[in-house]
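Everything on this sheet refers to the single structure shown next.
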Amino acid sequence: MIVRIYSFFARHRLATAIFVASFARIAIFAFTAVNPITNEIGMPVSPLVQQPWIEFQFYHRSLETYQTLSAREISGLFVAFFGPDGEATHVIGGPVFPFLIGIFDYVEGNTLPLASFYLALSILLCVAWLKFLSNKGVGLIWLLGFALLPNPFWFMLNVTTDLIFAVLVMIFYFSYWRERWSARDVSIWVTVMILCVLTRPNGAAI
């Protein structure tokens with residue numbers, strides 16, 4: 001009986017892994033909304049709590065900068081930071097994450113919209129890689145292991161640039177590593193390269 005059950009799920013290994021990955025993420029999301037976990041400094045991490053990490057204040061100040069300075073002044077800050085003579089005082093966060101903070105109005109008491117967006121991104125990221133691995137012939141047990149890796153759950157809950165960057169890298173990988181590029185592929189990975197730099201400075205490595 002057990003063998004027959006396993007055989008059934010093995011034949012539908014991708015669907016099984018996607019279900020487990022999605023269900024686990026939704027369950028952890030709901031659980032931590034009621035029972036927050038703590039980060040390395042003992043602060044609560046939950047979809048219903050504004051994330052208490054120091055860098056968030058940096059990106060929030062960056063959002064205020066985008067809202068108050070002109071495009072010329074902002075580009076000057078970027079040139080000063082990324083240029084060969086960049087100074088640490090001329091630091092501004094790339095616009096991608098600050099704009100998300102603004103679009104979703106991520107403030108204490110209104111954290112659920114952006115947190116839910118991160119839940120959806122986490123599911124999307126995992127599903128895309130599961131499909132990739134399944135197409136490579138990876139078996140059910142390994143797919144389930146990948147679906148339940150603990151680190152991605154943390155970045156689903158901890159609203160930072162990490163999950164956004166991981167999704168961008170994934171899109172870059174799938175559009176860039178092909179035997180032959182189409183015009184669509186080139187437009188996608190070039191756009192993603194730009195977005196990577198506008199998300200976090202180490203995006204320049206791509």
Side-chain angles (χ1 to χ4, degrees), residues 21-22 24-25 28-29 32 37 39-41 43 45-47 49-66 74-75 77-83 86 88 90-106 111-133 146-178 184-206:
S22 302
R25 279 158 175 75
I28 293 296
F29 186 89
T32 53
I37 59 177
N39 62 11
E40 66 278 6
I41 59 174
M43 302 296 290
V45 175
S46 165
V49 177
Q50 189 181 66
Q51 295 310 287
W53 49 290
I54 297 174
E55 288 184 20
F56 176 77
Q57 299 304 323
F58 164 70
Y59 285 105
H60 195 272
R61 289 194 300 271
S62 296
L63 175 61
E64 294 174 347
T65 300
Y66 286 114
I74 292 171
S75 62
L77 292 177
F78 268 98
V79 170
F81 180 58
F82 283 101
H90 296 292
V91 177
I92 182 174
V96 173
F97 187 64
F99 281 12
L100 283 178
I101 294 174
I103 291 170
F104 287 95
D105 191 24
Y106 186 75
T111 59
L112 192 56
L114 184 55
S116 299
F117 178 69
Y118 266 59
L119 169 62
L121 278 184
S122 178
I123 293 174
L124 171 66
L125 180 71
C126 190
V127 167
W129 283 114
L130 285 172
K131 291 181 66 176
F132 172 81
L133 294 172
F146 180 85
L148 297 175
L149 283 173
N151 187 262
F153 286 88
W154 171 251
F155 290 111
M156 173 188 75
L157 298 172
N158 196 28
V159 177
T160 68
T161 59
D162 295 279
L163 181 57
I164 302 295
F165 193 70
V167 171
L168 289 174
V169 171
M170 175 193 71
I171 297 172
F172 175 82
Y173 181 86
F174 289 153
S175 59
Y176 185 87
W177 294 108
R178 296 176 179 271
R184 179 173 176 270
D185 295 329
V186 174
S187 64
I188 290 174
W189 62 255
V190 169
T191 300
V192 169
M193 284 173 60
I194 295 171
L195 288 175
C196 283
V197 174
L198 296 180
T199 300
R200 47 197 291 173
N202 61 355
I206 293 184

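The shown structure was predicted, so the numbers you read here are calculated from the model rather than taken from an experiment.
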*Please report the shortest heavy-atom distance between Thr161 and Arg200, naming the atom on each side.*
OG1-NH1, 3.4 Å
*Is the closest side-chain heavy-atom distance between Val159 and Leu114 below 4.5 Å?*
yes
*Indicate yes or no: at least one non-hydrogen side-chain atom of Val96 is less than 4.5 angstrom from one of Phe165.*
no
*Just how far is it from atom CZ of Phe104 to atom CG of Leu112, taken to the nearest 0.5 Å?*
11.0 Å
*Any donor and acceptor pair, going by atom type alone, linking the side chain of Thr111 with main-chain N or O of Pro47 inside 3.5 Å?*
yes
*Can you measure from CD (Gln50) to CD1 (Ile101) and round to the nearest 0.5 angstrom?*
8.5 Å
*What's the shortest heavy-atom distance between Val49 and Tyr106, and which atoms?*
O-OH, 3.6 Å
*At what distance, to the nearest 0.5 angstrom, does CZ of Phe97 lie from OG1 of Thr199?*
10.5 Å
*Is there a side chain to side chain contact (heavy atoms under 4.5 Å, CB included) between Leu157 and Ile37 once you walk through the steps?*
CA-CA 10 Å; Leu157 298 172; Ile37 59 177; 4.0 Å; yes
*asked:* With rounding to the nearest 0.5 angstrom, report the CH2 to CD1 distance, Trp154 to Ile28.
replied: 12.5 Å
_Residue that, paired with Ile188, satisfies side chain to side chain contact (heavy atoms under 4.5 Å, CB included) out of Val190, Val192, Thr191_ = Val192
What donor-acceptor contacts under 3.5 angstrom involve side-chain atoms of residues 117-131, with partners at least two apart or in another chain?
{"residue": "Tyr118", "atom": "OH", "partner": "Thr160", "partner atom": "O", "Å": "2.3"}
{"residue": "Ser122", "atom": "OG", "partner": "Arg25", "partner atom": "NE", "Å": "3.0"}

*Reported CD1-to-CZ distance for the pair Ile103 and Phe99, which is rounded to 0.5 angstrom*: 8.0 Å
*Over all heavy atoms of both residues, which pair between Ile74 and Thr65 is shortest? Give the atoms and the distance, please.*
CD1-O, 4.2 Å
*If every non-hydrogen atom of Gly93 is compared with every non-hydrogen atom of Pro98, which pair is closest and at what distance?*
O-CG, 4.4 Å
_Between NE2 on residue His60 and CD on residue Gln57, distance to nearest 0.5 Å_ = 7.0 Å
Under 3.5 Å, which donor-acceptor pairs do the side chains of residues 169-176 form with other protein atoms, sequence neighbours left out?
{"residue": "Ser175", "atom": "OG", "partner": "Ile171", "partner atom": "O", "Å": "2.9"}
{"residue": "Ser175", "atom": "OG", "partner": "Phe172", "partner atom": "O", "Å": "3.3"}

*Please list, chain by chain and in numerical order, all residues satisfying side chain to side chain donor-acceptor pair (under 3.5 Å) with Arg184, sequence neighbours excluded.*
none
